[in-house]
Amino acid sequence: MENFDLLDRALVYAQQHGLTLGSELGGGVQGIVWTAKSQDEQGRTAIKVHRQEAAYLRERNAYLRLRELGVNAIYGSNVPELLDYDDDLQLLKLTVVTRPFVLDFGGAYLDRPPSFSDEIMADWHSEKAEQFGKRWPAAQAILHYLEGLGIYVIDVNPNNISWLD
(Lines give C-alpha, C1' and ligand atoms only; values in the text may rest on other atoms or scores of the structure.)
Protein backbone atom coordinates (compact mmCIF):
# COMPACT_ATOMS: atom_id res chain seq x y z
CA MET A 1 0.00 0.00 0.00
CA GLU A 2 2.93 2.37 0.66
CA ASN A 3 3.66 2.69 -3.04
CA PHE A 4 0.03 3.46 -3.81
CA ASP A 5 -0.08 7.26 -3.71
CA LEU A 6 -2.91 8.96 -1.79
CA LEU A 7 -4.12 10.81 -4.87
CA ASP A 8 -4.07 7.59 -6.89
CA ARG A 9 -6.30 5.91 -4.28
CA ALA A 10 -8.70 8.86 -4.29
CA LEU A 11 -8.87 8.74 -8.09
CA VAL A 12 -9.50 4.97 -8.09
CA TYR A 13 -12.37 5.41 -5.64
CA ALA A 14 -13.79 8.36 -7.58
CA GLN A 15 -13.73 6.38 -10.82
CA GLN A 16 -15.35 3.32 -9.20
CA HIS A 17 -18.17 5.46 -7.79
CA GLY A 18 -18.78 7.94 -10.61
CA LEU A 19 -17.32 10.89 -8.72
CA THR A 20 -15.36 13.87 -9.90
CA LEU A 21 -12.50 14.70 -7.57
CA GLY A 22 -12.31 18.39 -6.74
CA SER A 23 -9.98 20.62 -4.80
CA GLU A 24 -7.95 19.62 -1.78
CA LEU A 25 -9.71 20.59 1.45
CA GLY A 26 -6.79 19.87 3.72
CA GLY A 27 -4.17 17.43 4.77
CA GLY A 28 -1.86 16.46 7.53
CA VAL A 29 0.02 13.65 9.17
CA GLN A 30 -2.84 11.18 8.75
CA GLY A 31 -3.87 11.85 5.17
CA ILE A 32 -5.37 14.19 2.60
CA VAL A 33 -8.97 15.30 2.05
CA TRP A 34 -10.46 16.27 -1.32
CA THR A 35 -13.91 17.41 -2.35
CA ALA A 36 -15.83 15.09 -4.62
CA LYS A 37 -19.15 15.25 -6.45
CA SER A 38 -21.34 13.02 -8.54
CA GLN A 39 -23.97 14.16 -11.02
CA ASP A 40 -26.82 12.77 -8.93
CA GLU A 41 -25.71 14.22 -5.56
CA GLN A 42 -26.79 17.53 -4.11
CA GLY A 43 -23.78 19.36 -2.74
CA ARG A 44 -20.24 18.22 -2.19
CA THR A 45 -18.78 15.32 -0.30
CA ALA A 46 -15.28 14.81 1.02
CA ILE A 47 -12.92 11.96 0.31
CA LYS A 48 -10.27 11.37 2.99
CA VAL A 49 -7.43 9.00 2.17
CA HIS A 50 -5.24 7.83 5.04
CA ARG A 51 -1.51 7.22 5.06
CA GLN A 52 -1.56 4.52 7.74
CA GLU A 53 -4.01 1.73 8.39
CA ALA A 54 -4.13 2.26 12.16
CA ALA A 55 -5.30 5.88 11.83
CA TYR A 56 -7.76 4.87 9.12
CA LEU A 57 -9.30 2.16 11.29
CA ARG A 58 -9.54 4.48 14.32
CA GLU A 59 -11.25 7.16 12.27
CA ARG A 60 -13.53 4.74 10.41
CA ASN A 61 -14.62 3.15 13.68
CA ALA A 62 -15.24 6.53 15.34
CA TYR A 63 -17.40 7.65 12.40
CA LEU A 64 -19.25 4.31 12.42
CA ARG A 65 -20.02 4.87 16.11
CA LEU A 66 -21.22 8.42 15.43
CA ARG A 67 -23.37 7.19 12.53
CA GLU A 68 -24.85 4.38 14.62
CA LEU A 69 -25.79 6.91 17.32
CA GLY A 70 -27.10 9.47 14.82
CA VAL A 71 -24.63 12.18 15.90
CA ASN A 72 -24.23 14.91 13.28
CA ALA A 73 -23.71 17.84 15.68
CA ILE A 74 -22.27 18.34 19.15
CA TYR A 75 -23.28 21.47 21.08
CA GLY A 76 -24.09 23.22 17.81
CA SER A 77 -20.88 22.14 16.07
CA ASN A 78 -21.37 20.14 12.86
CA VAL A 79 -19.92 16.64 12.62
CA PRO A 80 -19.33 15.09 9.18
CA GLU A 81 -21.50 12.08 8.42
CA LEU A 82 -19.86 8.90 7.16
CA LEU A 83 -21.38 8.09 3.77
CA ASP A 84 -19.09 5.27 2.66
CA TYR A 85 -15.69 3.74 3.29
CA ASP A 86 -13.24 1.47 1.52
CA ASP A 87 -10.94 -0.63 3.69
CA ASP A 88 -8.68 -1.61 0.78
CA LEU A 89 -8.07 2.02 -0.22
CA GLN A 90 -8.12 3.25 3.42
CA LEU A 91 -10.59 5.90 2.38
CA LEU A 92 -13.63 7.59 3.93
CA LYS A 93 -16.40 9.41 2.08
CA LEU A 94 -17.91 12.07 4.34
CA THR A 95 -20.29 14.99 4.14
CA VAL A 96 -18.66 18.40 3.93
CA VAL A 97 -19.53 20.53 6.96
CA THR A 98 -19.18 24.22 7.62
CA ARG A 99 -18.11 26.02 10.77
CA PRO A 100 -18.68 25.52 13.56
CA PHE A 101 -17.46 21.92 13.26
CA VAL A 102 -15.85 18.94 14.94
CA LEU A 103 -13.88 16.66 12.61
CA ASP A 104 -10.83 14.46 12.19
CA PHE A 105 -11.06 11.35 14.35
CA GLY A 106 -7.86 9.66 13.11
CA GLY A 107 -6.33 10.07 16.56
CA ALA A 108 -9.40 8.77 18.40
CA TYR A 109 -9.56 5.70 20.60
CA LEU A 110 -12.75 3.74 21.15
CA ASP A 111 -14.10 2.60 24.49
CA ARG A 112 -11.02 3.42 26.56
CA PRO A 113 -8.62 6.32 26.65
CA PRO A 114 -4.99 5.76 25.72
CA SER A 115 -2.77 5.17 28.70
CA PHE A 116 -0.51 8.17 29.18
CA SER A 117 1.24 9.21 32.35
CA ASP A 118 -0.22 11.97 34.51
CA GLU A 119 2.72 14.18 33.51
CA ILE A 120 2.07 13.71 29.80
CA MET A 121 -1.64 14.41 30.26
CA ALA A 122 -0.89 17.57 32.27
CA ASP A 123 1.39 18.78 29.46
CA TRP A 124 -1.31 17.92 26.91
CA HIS A 125 -3.96 19.90 28.81
CA SER A 126 -1.61 22.85 29.14
CA GLU A 127 -0.79 22.79 25.42
CA LYS A 128 -4.47 22.55 24.43
CA ALA A 129 -5.47 25.35 26.82
CA GLU A 130 -2.87 27.56 25.13
CA GLN A 131 -3.94 26.53 21.60
CA PHE A 132 -7.67 27.10 22.20
CA GLY A 133 -7.40 30.09 24.55
CA LYS A 134 -10.82 31.25 25.75
CA ARG A 135 -12.44 28.46 23.68
CA TRP A 136 -10.74 25.67 25.70
CA PRO A 137 -13.73 25.12 28.06
CA ALA A 138 -16.05 24.75 25.05
CA ALA A 139 -13.61 22.36 23.36
CA GLN A 140 -13.38 20.36 26.59
CA ALA A 141 -17.18 20.10 26.70
CA ILE A 142 -17.15 18.62 23.19
CA LEU A 143 -14.38 16.19 24.15
CA HIS A 144 -16.32 15.12 27.28
CA TYR A 145 -19.43 14.57 25.16
CA LEU A 146 -17.44 12.34 22.80
CA GLU A 147 -15.98 10.45 25.77
CA GLY A 148 -19.55 9.76 26.88
CA LEU A 149 -19.97 8.00 23.52
CA GLY A 150 -16.77 6.02 24.10
CA ILE A 151 -14.72 8.14 21.67
CA TYR A 152 -11.50 9.51 23.18
CA VAL A 153 -9.91 12.17 20.98
CA ILE A 154 -6.32 13.14 21.70
CA ASP A 155 -5.34 14.71 18.37
CA VAL A 156 -7.36 17.87 18.84
CA ASN A 157 -6.55 21.41 17.78
CA PRO A 158 -8.37 24.56 16.59
CA ASN A 159 -8.34 23.20 13.02
CA ASN A 160 -10.58 20.26 13.90
CA ILE A 161 -12.75 21.85 16.58
CA SER A 162 -13.52 25.21 15.10
CA TRP A 163 -16.02 28.03 15.58
CA LEU A 164 -17.32 30.81 13.40
CA ASP A 165 -15.14 33.54 14.88
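One is the number of the first residue; the rest follow in order along the sequence.
How far OH of Y13 is from CG of L89: 9.0 Å, rounded to the nearest 0.5 Å. Rounded to the nearest 0.5 angstrom, I74 CD1 and I142 CD1 are separated by 6.5 Å.
Closest of all the heavy-atom pairs between Y56 and L91 is CE1-N, 3.4 Å. Of all non-hydrogen atoms in A10 and V49, the two that sit nearest each other are CB-CG2, 3.8 Å. Contact record, P137 with G133: CD-O, 4.3 Å, taken as the closest heavy-atom pair. The minimum heavy-atom distance linking S77 with W163 is given by the pair OG-NE1, 4.3 Å. Closest approach of L64 and Y85 over heavy atoms only: CD2-CE2, 3.8 Å. Here the shortest heavy-atom pairing between A62 and I151 reads O-CD1, 3.9 Å.
Side-chain contact check for R67 versus N72: every heavy-atom pair is 4.5 Å or farther apart. The shortest distance between side-chain heavy atoms of I32 and W34 falls below 4.5 Å. No side-chain heavy atom of L103 sits less than 4.5 Å from a side-chain heavy atom of V79. Counting only heavy atoms from C-beta outward, the side chains of L69 and L149 approach each other to under 4.5 Å. R58 places none of its side-chain heavy atoms less than 4.5 Å from the side chain of F105. Counting heavy atoms from C-beta on, the side chains of V102 and Y75 never come closer than 4.5 Å. Considering only heavy atoms from C-beta on, P114 comes within 4.5 Å of Y109 through its side chain. Annotation: side chain of L146 is in contact with side chain of L66 (closest heavy-atom distance under 4.5 Å).
With hydrogens and angles disregarded, a donor-acceptor distance shorter than 3.5 Å links the side chain of N78 to the backbone of T98. Between the side chain of N160 and the main chain of V156, no donor-acceptor pair closer than 3.5 Å is present. A donor-acceptor pair under 3.5 Å is absent between the side-chain atoms of T45 and the main chain of K93, judged by distance alone. The backbone N or O of I154 sits less than 3.5 Å from a side-chain atom of W124, completing a donor-acceptor pair. T35 places a side-chain N or O within donor-acceptor distance of the main-chain N or O of S23, the cut-off being under 3.5 Å.
The side chain to side chain donor-acceptor pair (under 3.5 Å) check on Q131 picks up E127, K128, with sequence neighbours excluded.
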For this session: Carefully, step by step, assess R135 and I161 under the rule side-chain contact (heavy atoms from CB on, under 4.5 Å).
Result: CA-CA 10 Å; R135 292 289 195 180; I161 296 181; over 6 Å; no
Problem set entry | From CA spacing to verdict: side-chain contact (heavy atoms from CB on, under 4.5 Å), V29, Q52 | CA-CA 9 Å; V29 173; Q52 297 177 346; over 6 Å; no
Exercise. How far apart are the C-alpha atoms of L21 and K37, what are their side-chain angles, what is the distance that settles it, and do they pass the side-chain contact (heavy atoms from CB on, under 4.5 Å) test?
Worked result: CA-CA 7 Å; L21 209 57; K37 187 170 181 158; over 6 Å; no
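Counting heavy-atom neighbours within 6.0 Å of E24 CD, excluding the residue itself, gives a total above 12. Under a cut-off of 6.0 angstrom, the local environment of CD in E130 is sparse, with at most 12 non-hydrogen atoms contributed by other residues, nucleotides or ligands. For E53, the CD atom is loosely surrounded, since the number of other residues' heavy atoms within 6.0 Å does not exceed 12.
Screening Q90, Q30, H50 for a side chain to side chain donor-acceptor pair (under 3.5 Å) with E59, the sole residue that qualifies is H50. When each of L92, L19, L25 is tested with I47 by the rule side-chain contact (heavy atoms from CB on, under 4.5 Å), just one qualifies, namely L19.
Identified under the salt bridge (Lys or Arg N to Asp or Glu O under 4.0 Å) test for residues 103-116, with sequence neighbours left out: K48-D104, R65-D111.
Hydrophobic clustering (ILVMFWY, side-chain heavy atoms < 4.5 Å, transitive): V33 and L11 are in distinct clusters. F101 and V96 are assigned to two separate hydrophobic clusters, defined by single-linkage of ILVMFWY side chains at heavy-atom distances under 4.5 Å.
R9 has no carboxylate O lying under 4.0 Å from a charged side-chain N of D88, or vice versa, which leaves the two without a salt bridge.
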